[in-house]
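Notes for the one structure printed next.
This structure is a prediction, so every number in the text was calculated from the model and none was measured. Hydrogens, waters and symmetry mates are skipped; everything else that's a heavy atom, side chains included, is used. Counting starts at 1 for both ligands and their atoms, following the listed order.
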Amino acid sequence: MSNILAFIEVSNTGQIRKSARSLLTAAAALGTPVAVVATAPGTGGSLVDELGALGAEQVYLAESDQLGTLLVAAQLEALTAAAAELAPAGILLSNSIEGRDIAGRLAVRLGAGLVVDAVDVRLEGGQILATQSVFGGAYTVESAVDGGPAIVTVRQGAIEGQAPAATPTVTAASVATNAAHSAVIDAVNDATTTSTRPELRDAPKIVSGGRGLGSKEKFVLVEQLADALGAAVGASRAAVDSGFIPQTSQVGQTGVTVSPQLYVALGISGAIQHRAGMQTAKTIVAINKDADAPIFEIADFGVVGDVFTVVPQLIEAMAARAN
Ligand SMILES: Cc1cc2nc3c(=O)[nH]c(=O)nc-3n(C[C@H](O)[C@H](O)[C@H](O)COP(=O)(O)OP(=O)(O)OC[C@H]3O[C@@H](n4cnc5c(N)ncnc54)[C@H](O)[C@@H]3O)c2cc1C
């Protein structure tokens, strides 16, 4: 079986990011999953067991003392070195800001083809095929890369499952970075988290509200349902533009693209630009008082009704079930 590299993102505090699970699951479906991690010297060993539990059969630890000072340079060198050593058929990264940044540079370096924002990958006749949801989710296309390894960025949350746990072999390599060609990190400021809710991008459940909520005060209803479900809160652009919620919660073409297990749309009409960011959700529930709202065209379950009548009943019913 061919090696498939999965680039593992690590937070500033040294935690493996959630995207690792789906990348290693996808890699295992295509070949031998190899986790590639860029770490500060001597710190990567603690990640090996966790990566093995997520299915990595090999862990390639690329150590660099410039990880915290040069933007994505060490990560790029890590993948370049792993690709040279392991001759992979595919290289998977998260479709995050970091993943896309590295993937583009890596494709130029390796002269390889790049497919971005894939929602699935599979093997056919020995070739890697990546599925993308395009034109606002109206079409699904499959793409293959001719020649060189296929570099694919995978949409967060799009690929489910869990690769069988493995006891990985470990390769440690020291990588050198060229500071002259890299952006320098002056300071890192973590955005203060003011919410205990899941992060929107990779939340398994999302409740989003639209203009139909009517005001910032009434938008609280969206948050109440989200909390009852343990979900993240999202919004349409109209809700953001109306000042109901900050722009960071906007789902859609000019906002965040999500692919949760459950997406509940409250008072959202379902404009193409909104659908572009959520259409690949596994189950879509829509509550809207207009039976002709386009959101019902893609909803798995729909309720034609007023959110201020339906949602409180839903929360009440869930609470009754929980007791
Ligand atoms: C270049 C471009 C980029 C864009 N990017 C995005 C994007 O990233 N994300 C995005 O969302 N939009 C985006 N838009 C805007 C998009 O076209 C729509 O205008 C927007 O999605 C509409 O938001 P909405 O559904 O909340 O509002 P509306 O379209 O006004 O729909 C409100 C809905 O609420 C329902 N409603 C009203 N009251 C109630 C009630 N009490 N109970 C139940 N239902 C009720 C109505 O029936 C209606 O269907 C973009 C537009 C452009 C041109």
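- Taking the side chain as every heavy atom from C-beta outward, Ile298 and Arg275 approach each other to under 4.5 Å.
- Residues Lys18 and Glu199 are not in side-chain contact: their nearest non-hydrogen atoms beyond the backbone lie 4.5 Å or more apart.
- Side-chain contact between Ile8 and Leu24 is present, with at least one heavy-atom pair separated by less than 4.5 Å.
- Within ligand 1, counting atoms from 1 as listed, the ones closer than 4.0 Å to a heavy atom of Gly210 are 26 (O).
- Both tests pass for Lys218 against the ring of Phe308: distance under 6.0 Å to the centre and angle within 45° of the axis.
- Scanning all protein heavy atoms for the shortest distance to atom 24 (P) of ligand 1 gives Ser236 OG, 3.5 Å.
- Regarding atom 48 (C) of ligand 1, its nearest protein heavy-atom neighbour is Asn288 ND2, 3.7 Å.
- Every atom of ligand 1 is numbered from 1 in the order shown, and the set under 4.0 Å from a heavy atom of Gly305 is 42 (N), 43 (C).
- Distance from atom 34 (O) of ligand 1 to its nearest protein heavy atom, with residue and atom name: Gly267 O, 3.0 Å.
- Proximity of Gln132 to Val119: side-chain heavy atoms (C-beta onward) are nowhere separated by under 4.5 Å.
- Between Arg321 and Glu316 there is no salt bridge, since none of the side-chain N atoms of the basic residue sits less than 4.0 Å from a carboxylate O of the acidic one.
- Each of the atoms 16 (C), 17 (O), 18 (C), 21 (O) of ligand 1 lies under 4.0 Å from some heavy atom of Ala271.
- With respect to atom 42 (N) of ligand 1, the closest heavy atom belonging to the protein is Val307 N, 2.9 Å.
- Considering only heavy atoms from C-beta on, Val34 stays 4.5 Å or farther from Glu57 through its side chain.
- Atoms of ligand 1 lying under 4.0 Å from at least one heavy atom of Thr254, given by number and element, are 3 (C), 4 (C), 5 (N), 6 (C), 7 (C), 8 (O).
- For atom 19 (O) of ligand 1, the nearest protein heavy atom lies 4.0 Å or farther away.
- Asp300 is not listed as a side-chain neighbour of Val285, based on a closest heavy-atom distance of 4.5 Å or more.
- Here is the list of ligand 1 atoms found below 4.0 Å of a heavy atom in Asp306: 40 (C), 41 (N), 42 (N).
- Between the choices Lys218, Gln250, His274, Met278, the shortest heavy-atom distance to atom 11 (O) of ligand 1 belongs to His274.
- Heavy-atom minimum distance, Pro260 versus Ala203: CB-O, 3.3 Å.
- Counting heavy atoms from C-beta on, the side chains of Val145 and Ile151 never come closer than 4.5 Å.
- The option from Gly212, Ala238, Ser269 that lies nearest to atom 37 (C) of ligand 1, judged by heavy atoms, is Gly212.
- Counting heavy atoms from C-beta outward, Ile206 and Val264 have side chains that stay 4.5 Å or more apart.
- Residue nearest to atom 50 (C) of ligand 1, selected from Arg211, Lys289, Gln273: Gln273 (by heavy-atom distance).
- Nearest-heavy-atom check against atom 4 (C) of ligand 1 across Gln247, Arg237, Arg275, Gln253 picks out Arg237.
- Contact atoms of ligand 1 toward Gly252: 7 (C), 8 (O), 9 (N) (distance under 4.0 Å to a heavy atom of the residue).
- When heavy-atom distances to ligand 1 are checked against a 4.0 Å cut-off, Val251 comes that close only through its backbone atoms N, CA, C and O.
- Atoms of ligand 1 found under 4.0 Å from any heavy atom of Gly255, numbered from 1 in the order shown, are 8 (O).
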